[in-house]
S.K.: 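Right, I'll just put the structure down here and ask away after.
This structure is a prediction, so every number in the text was calculated from the model and none was measured. For the single chain, residues carry numbers from 1 onward in sequence order. Computed from heavy atoms alone, side chains included, the values below leave out hydrogens, waters and symmetry copies.
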Amino acid sequence: MRVAIIGDGADERAWFEALRVHGDLEVVQAADEFQVRADLLILGGPPTVIADVLRRTTADGPLVVCLQPPGLDDLACLQTRARVVPDLPLRLHPAIEPLRRAIADGSLGEFRALHYHIATPDHELLNAFGRAVDVLRALLGEFDTLTASGDPDGPE
């Protein structure tokens with residue numbers, strides 16, 4: 001199986017390191033999805049690149065594992081015909097399911113609010129936000145209200 005990875009950030013490098021040790025996989029770094037034929041595309045890089053590749057990928061193209069965020073909004077995901085799997089691994093952490101059950105059955109007491117704190121570099125805020133919301137959905141299901149703030153408070 002041939003795997004192509006677009007992007008050179010920390011997440012893309014982690015995927016490369018994890019996959020290259022498997023002898024049955026041919027893992028290559030690609031500058032553009034159309035430069036190399038692949039069965040699986042790990043799609044990273046800047047959000048504008050991710051959105052552009054998603055828009056151009058067809059249903060008969062490779063399976064796409066889309067690193068976060070998949071663009072500056074969800075339009076690229078709505079416009080693609082590709083088979084896309086989001087890279088949202090935190091929902092699979094072994095602590096999530098027991099905590100979800102404890103919240104649901106009330107064994108932790110009455111549930112009123114959840115404060116989820118993450119530290120992240122400024123240039124990875126969209127990535128961190130998407131992953132944080134996914135973890136919250138895994139814990140709580142769909143919810144009506146979400147408030148996010150930075151520290152220190154400011155206009156960005």
S.K.: State, with a plain yes or no, whether a side-chain heavy atom of L41 is found less than 4.5 Å away from one of V53.
M.R.: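 Yes, at least one pair of side-chain atoms sits under 4.5 Å.
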S.K.: Nearest 0.5 Å, what's the CG-CD1 distance between L92 and I96?
M.R.: 9.0 Å
S.K.: Of the non-hydrogen atoms in P62 and A38, which two are nearest, and what is the gap between them?
M.R.: CB-O, 3.3 Å
S.K.: I'd like to check C66 versus D87 (side-chain heavy atoms, cut-off strictly below 4.5 Å). Are they in contact?
M.R.: no
S.K.: Got a sec, which residues hit side-chain hydrogen bond (donor to acceptor under 3.5 Å, both in side chains) with D24, two or more places apart in sequence or on another chain?
M.R.: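 Counting only residues at least two positions away or on another chain, D24 forms no side-chain hydrogen bond (donor to acceptor under 3.5 Å, both in side chains).
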S.K.: If the condition is side chain to side chain contact (heavy atoms under 4.5 Å, CB included), which residues does R91 pass it with, not counting sequence neighbours?
M.R.: D134, A138
S.K.: Not counting sequence neighbours, which residues clear side chain to side chain contact (heavy atoms under 4.5 Å, CB included) with D52? List them please.
M.R.: R56
S.K.: Name the atoms and distances for all side-chain donor-acceptor pairs under 3.5 Å in residues 102-121, with sequence neighbours left out.
M.R.:
unit_1, atom_1, unit_2, atom_2, d
D105, OD1, S107, N, 2.8
D105, OD1, S107, OG, 2.8

S.K.: With clusters built from Ile, Leu, Val, Met, Phe, Trp and Tyr whose side-chain heavy atoms come within less than 4.5 Å, directly or transitively, what are the remaining members of the cluster of I42, listed by chain and number?
M.R.: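 Via sub-4.5 Å side-chain contacts, I42 links to M1, V3, I5, W15, F16, L19, L25, V27, L40, L63, V65, L67, V85.
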S.K.: Do other residues, nucleotides or ligands put more than 12 heavy atoms under 6.0 Å from D8 CG?
M.R.: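 Count not over threshold, so no.
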S.K.: For R83, enumerate each residue passing the side-chain hydrogen bond (donor to acceptor under 3.5 Å, both in side chains) test, keeping only those at least two apart in sequence or located in another chain.
M.R.: none
S.K.: Measuring from R131:CZ to L136:CG, what's the distance to the nearest 0.5 Å?
M.R.: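 If we round to the nearest 0.5 Å, R131:CZ and L136:CG are 14.5 Å apart.
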S.K.: State plainly whether the residues E97 and R101 are in salt-bridge range, i.e. N to O under 4.0 Å.
M.R.: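 Salt bridge flag = yes for R101 with E97.
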